[in-house]
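Below is one structure, written out as structure tokens, with a few remarks after it.
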2 protein chains.
Amino acid sequence: MTSTIKAIPDIVIGRLPLYLRALAYMIEENREFVSSQELGDRLGISSVQIRKDLSYFGEFGKQGTGYEIQFLRQQLRQILHADKVWEIALVGAGDLGHALIRYEEFCEKGFCIAVVFDRDPQKIGRKMGGFEVFDAESIPTIVKERGIKVAIIAVPASEAQAVSDILVKAGVRAILNYAPITLSVPPKVQVQYINPIIQLQHMAYYLD
Amino acid sequence: MTSTIKAIPDIVIGRLPLYLRALAYMIEENREFVSSQELGDRLGISSVQIRKDLSYFGEFGKQGTGYEIQFLRQQLRQILHADKVWEIALVGAGDLGHALIRYEEFCEKGFCIAVVFDRDPQKIGRKMGGFEVFDAESIPTIVKERGIKVAIIAVPASEAQAVSDILVKAGVRAILNYAPITLSVPPKVQVQYINPIIQLQHMAYYLD
DNA sequence: TAGATTGTTAATCGATTAACAATC
DNA sequence: TAGATTGTTAATCGATTAACAATC
């Protein structure tokens, strides 16, 4: 009999960063312990769901007292690979790309923009927020050379799929896509979408 | 016997804007008809799911030929209230707020920033991308006066809940929140979150 | 000990999909 | 008509939650 691999649902993985974030705030508040109940209240998630989610990875709590915040945070950081620095390739140096470069939170959280690409000759070679803008043609060589695994796409919708294909071919395994289009990627590649308009339209349904 | 209200699942509502977006691209491509199969392929959604989703609202297709794109788009626009212009209150005129002001796509899609607020005396009264920055103190009066129902929060996490409370009290019913915190709002109020770091952490789990 | 809270099983709830009649 | 595709029912799949023993 082969060992049973119980894959962890992606929806569970998606909640872990929320737990991590809440724990970070609690550390700032000099809290030492937290119950699943309190953590859940803070996040609008049931306590049982939090316990179930965490139980996929181990037993981190103590009956009667809850979770030691520092310890749980450390565990979650390891699980999410949030305890290391990931280099990011940013493709697209327009208004949006520029704003993303200035957004310091990325690097503070371990996702540091390392190279910026654009295909506009007006931008190539110029500096933007401390970064030289490289020709998009050089994505394959630079991304491979530096072993970059994470990219942010901030180009127009019409170019996003082509950029995605190039990034994937160069070894990128996770893409944060700001372009308003669904990307087609191989299963081994993760994609997440940033789509304020889609979210506004979602909410507008409930308005009258 | 009372009439049975079959509420439409929120997860279904959340997919409608994706359908709408794909249809808009197809119109640009001068397409006239589309099958649920093709629409699904484009979005990475099964054709059966698309048909099921649409069937909550009516029968929009024709056996053998699929959906008339212009017609379906019009229907979805109505359903999502995307056929009107929504005025937006933007709270927070920092780097992020500034970038959001410059982002024209919002207004093109019917979500037009109408007022900008900040509490920094350095910013109040100054112009930013064509908008005067108003004192956050005046949120209640201005939002009520103009009947604004949709807001974007772009303030630091520490202030976001307070801002949210004020907006809700002033009549806002939908909030797009860029602050990294879960907001507590009454059930009648919709909230959507923009959280690139949470999404990057989610993907990083799958990297090694 | 008594009270609090975890970790987990089983039940429930909800969403997706397979199958297919209807029909353009 | 034959082929294509819709709309819908029933089955399946997966996620959440209720209940509770274990234990700090």
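Residue numbers start from 1 in every chain, and the chains themselves are labelled A, B, ... in the order their sequence lines are given, proteins ahead of strands. These figures come from a predicted structure and were not determined experimentally.
- Distance CG (B:D53) to P (C:dA15): 11 Å, rounded to an integer number of Å.
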What does nucleotides 18-24 of chain C look like as a protein-contact string, B for base, S for sugar-phosphate only, - for none, at under 4.0 angstrom between heavy atoms?
-> BB--BBB
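- Under the 30°/60° scheme for interplanar angles, the aromatic rings of B:F57 and A:Y205 are found to stand perpendicular.
- What separates CG of A:D41 from P of C:dT5 is a distance of 11 Å, to the nearest Å.
- Between the CZ atom of B:R15 and the P atom of C:dT17 there is a distance of 9 Å, rounded to whole Å.
- OP1 or OP2 of C:dA4 has not a single side-chain nitrogen or oxygen of A:Y67 nearer than 4.0 Å.
- Taking only side-chain nitrogens and oxygens, B:S46 comes nearer than 4.0 Å to OP1 or OP2 of C:dT17.
- Note on B:S47: nothing from the nucleic acid sits closer than 4.0 angstrom, heavy atoms only.
- One atom, CD1 of B:I50, and another, P of D:dT8, lie 16 Å apart when rounded to the nearest Å.
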Given A:L20 and A:R77, is the side chain to side chain contact (heavy atoms under 4.5 Å, CB included) satisfied, shown in steps?
-> CA-CA 7 Å; A:L20 191 52; A:R77 282 169 56 87; 3.7 Å; yes
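- Within 6.0 Å of atom CD in A:Q74, more than 12 heavy atoms from other residues, nucleotides or ligands are found, so the atom counts as buried in its surroundings.
- Partner assigned to D:dT6 is C:dA21, using Watson-Crick or G-U wobble distances below 3.5 angstrom.
- Counting only heavy atoms from C-beta outward, the side chains of A:Y103 and B:D95 never approach each other to under 4.5 Å.
- A distance of 4.5 Å separates CG in A:L207 from CH2 in B:W86, rounded to the nearest 0.5 Å.
- Counting only heavy atoms from C-beta outward, the side chains of B:Q201 and B:I197 approach each other to under 4.5 Å.
- Look at CD1 on B:I11: it is 11 Å from C1' on D:dG14, rounded to the nearest Å.
- One interatomic measurement links the two molecules: CG of B:L54 to P of C:dT16, which rounds to 14 Å at whole-angstrom precision.
- The CZ atom of A:F57 sits 13 Å away from the P atom of C:dG7 (whole-angstrom rounding).
- In this structure, of C:dA15, D:dT6, C:dT8, it is C:dA15 that holds the atom nearest to the side chain of B:P9.
- Here the nucleotide nearest the side chain of A:Q49, chosen from C:dA15, D:dT17, D:dT6, is D:dT17.
- Between A:I166 and A:V91 the shortest side-chain heavy-atom distance does not fall below 4.5 Å.
- Nucleotide D:dT8 holds its P atom 11 Å from the CZ atom of B:F60, rounded to whole Å.
- Relative to the side chain of A:E59, the nucleotides D:dT6, C:dG7, D:dT8 differ in distance, and C:dG7 lies closest.
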